[in-house]
K.L.:
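Let me give you the structure first, and then I'll get to my questions.
Remember, it's 1-based here, ligands and their atoms both numbered in the order they're listed. Since the structure is predicted, the reported quantities are computational estimates derived from the model, not experimental observations.
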Amino acid sequence: MPSHKPIRVALLGCGTVGTEVVRLLTDQAADLAARVGAPVELAGIAVRKPNKHREVPADLLTTDAAALVASDVDVVVEVIGGIEPARTLLLDALRAGKSAVTANKALLAEHTAELSAAADASGADLYFEASVAGAIPLLRPLRESLAGDRITRVMGIVNGTTNFILSGMDSTGASYGETLEEATRLGYAEADPTADVDGFDAASKAAILASLAFHTRVTAADVHREGIASVSAADIAAAKALGRIVKLLAICERVPVGGDGEGADAGATEGISVRVHPAMIPRSHPLAGVNGAFNAVFVEADAAGEMMFYGQGAGGAPTASAVLGDLVAVARNLVQGGRGPRESAYAGLPSRPMGQTPTRYHISLDVADRAGVLSQVAAVFAEHDVSIAAVRQEGRVDDASLVVVTHAATDAALRSTVDKIGGLPVVREVVSVMRVEGEET
Ligand SMILES: NC(=O)C1=CN([C@@H]2O[C@H](COP(=O)(O)OP(=O)(O)OC[C@H]3O[C@@H](n4cnc5c(N)ncnc54)[C@H](O)[C@@H]3O)[C@@H](O)[C@H]2O)C=CC1
Ligand SMILES: N[C@@H](CC=O)C(=O)O
Ligand code: NA
């Protein structure tokens, strides 16, 4: 039996994730104690409306989260979400030397530097595996298992809600609105689901992933972000017609830098590009088969090569699994002595703007069916130095469709190309424009 004194835990928030944390802590109490070497005791649960929480022990509930943090607890688990009061509560805990576990990617993407500094100053632990890709062990592999390697690229599906919506649109033609309601009912969506559909949630996760992968401080402001609101049935159909599927991707990669820039770029030979946007990927790509609220993340490293991490990225129980894993880790550190790894931002690589990032485009056009259309469109690509990888033209009685897939060019050059093509008199409509990923450039 454990001989160490109990590890006392304050739980802040008891919604979708918090409820499951309480259930796992209760159901697995004996196993957790054996694994940690001390009982892991829930000291209190901070909520906003105690009468709404009949599923958890009433005597543990409090509406005073700050007092709970300040009380005799060893670890604070934050599953409230948002910036405040979560930020202040976690800073108070860390400054007082109490270890913290959080699932709050929105907060981490803005305030990791401040939180880590507080943890370092007091010697407390700060763990956040649940903040990216829910249940999937991903941050610890990046931070620990791959610490001896050089990660070059991280690309994945990191938002369950939007993947659930896009999967529904692709497989059953379900409407955007219906699927979003269902994702909310199933506990995948954020309290304000615009965080999901507009890409904020994935951008926060991309910032956390890039920070760990590249040992560089990356915040949400460094991430180029586009959500799925602009993905239309026409985009989904255009992708299908060419054996592709639309996914919302988070992409973090090393990119070359000229070294002749100013400020952060001065003298740098390498930078990073961190972005979130919808993209078409081939149906044969491993990420194409990732459906519903599942997440998957591809990691490429110099020595290890390619790896893929796959599992449930959202939902109460999967997320609580990652929270409990972190709780066990910090509790073990308290029992055995020692600390988890500290933040590592020594590389300080500059973030490159989206316009300078090399991408590929799929462009689907409705054009007049007459001679010379293709050459007029091709001339615009040549003018912008964008080379064409494939063209498909289909004639109909009074109009025709033209699909162009480009080779890699800067995103800025591709954008200007599309703008100019849209203005050509022979182009009736730009039906679909989307970046292409997961294929040879
Ligand atoms: N639901 C999911 O699938 C996942 C959620 N997360 C993150 O976990 C965190 C929690 O998410 P959910 O449980 O889904 O949210 P939720 O909205 O279901 O739960 C949050 C709870 O915190 C309570 N709360 C708000 N202000 C409070 C305060 N001042 N004091 C005490 N309680 C307060 C709310 O009343 C609510 O019950 C968020 O940071 C979210 O981004 C991370 C991964 C997956
Ligand atoms: N709202 C998020 C929850 C997990 O991080 C998502 O849909 O992925
Ligand atoms: Na995770």
K.L.:
Could you walk me through whether L24 and Q28 pass side-chain contact (heavy atoms from CB on, under 4.5 Å), step by step?
P.N.:
CA-CA 6 Å; L24 293 180; Q28 302 184 159; 4.2 Å; yes
K.L.:
In terms of side-chain heavy atoms, does S401 have a donor or acceptor partner in D366 at a distance below 3.5 Å?
P.N.:
no
K.L.:
Please write down residue, atom name and distance for the protein heavy atom closest to atom 5 (O) of ligand 2.
P.N.:
K105 NZ, 2.5 Å
K.L.:
Check each protein residue for a heavy atom under 4.0 Å from ligand 1 and list those that pass, ordered by chain and number.
P.N.:
G13, C14, G15, T16, V17, A46, V47, R48, V79, I80, G81, P85, A103, N104, K105, A130, G187, E190, A314, G315, T319
K.L.:
Within a radius of less than 6.0 Å around CZ of R342, do more than 12 heavy atoms belonging to other residues, nucleotides or ligands occur?
P.N.:
no
K.L.:
For atom 7 (O) of ligand 2, find the nearest protein heavy atom and state the residue, atom name and distance (0.1 Å precision).
P.N.:
T161 OG1, 2.6 Å
K.L.:
Is there a donor in the side chain of E84 and an acceptor in the side chain of T88, or the other way round, less than 3.5 Å apart?
P.N.:
yes
K.L.:
Go through it in stages, so that I can follow the logic: the residues are R332 and R35, the test is side-chain contact (heavy atoms from CB on, under 4.5 Å), and I'd like the CA-CA distance, side-chain angles, deciding distance and then a yes or no.
P.N.:
CA-CA 8 Å; R332 281 177 176 155; R35 290 170 200 170; 3.8 Å; yes
K.L.:
Which of the numbered atoms in ligand 2 are below 4.0 angstrom from a heavy atom of N159?
P.N.:
2 (C), 6 (C), 7 (O), 8 (O)
K.L.:
Atoms of ligand 2 less than 4.0 Å from D196 heavy atoms?
P.N.:
1 (N), 2 (C), 6 (C), 7 (O)
K.L.:
For D201 and S204, does a side-chain donor sit closer than 3.5 Å to a side-chain acceptor?
P.N.:
no
K.L.:
Indicate whether the side chain of S167 and that of D170 have a donor and an acceptor atom separated by less than 3.5 Å.
P.N.:
no
K.L.:
In terms of ring plane angle, is the pair Y310 and F294 parallel, tilted or perpendicular, where the classes change at 30° and 60°?
P.N.:
parallel
K.L.:
Measure from the ring center of F298 to the ring center of H285 and say whether it is less than 6.0 Å.
P.N.:
yes
K.L.:
Under a 4.0 angstrom heavy-atom cut-off, which atoms of ligand 2 come close to G313?
P.N.:
4 (C), 5 (O)
K.L.:
Is the closest side-chain donor-acceptor distance between S432 and S364 under 3.5 Å?
P.N.:
no
K.L.:
Check each atom of ligand 2 against the heavy atoms of E190 and keep those under 4.0 Å away; list them by number with element.
P.N.:
1 (N), 2 (C), 3 (C)
K.L.:
Which count of protein N, O or S atoms is obtained for distances strictly below 3.0 Å from the Na ion (ligand 3)?
P.N.:
5
K.L.:
Does CD in E181 sit with more than 12 non-hydrogen atoms of other residues, nucleotides or ligands closer than 6.0 Å?
P.N.:
no
K.L.:
Under a 4.0 angstrom heavy-atom cut-off, which atoms of ligand 2 come close to K205?
P.N.:
2 (C), 4 (C), 5 (O), 6 (C), 8 (O)
K.L.:
Give yes or no for whether the N/O distance cutoff of 3.5 Å, strictly under, is met between G160 and ligand 2.
P.N.:
yes
K.L.:
Using a 3.5 Å cut-off on N or O atoms only, is Y188 in polar contact with ligand 2?
P.N.:
yes
K.L.:
Decide whether T359 and D411 meet the rule of one side-chain donor and one side-chain acceptor closer than 3.5 Å.
P.N.:
yes
K.L.:
Where do V405 and Y361 land on the side-chain contact (heavy atoms from CB on, under 4.5 Å) test, with the steps shown first?
P.N.:
CA-CA 6 Å; V405 180; Y361 273 35; over 6 Å; no
K.L.:
Examine the proximity of ligand 2 to V132 and report which part, side chain or backbone, both or neither, has a heavy atom under 4.0 Å away.
P.N.:
neither
K.L.:
Taking atom types as modelled, is there a side-chain donor on N104 or T102 under 3.5 Å from an acceptor on the other?
P.N.:
no
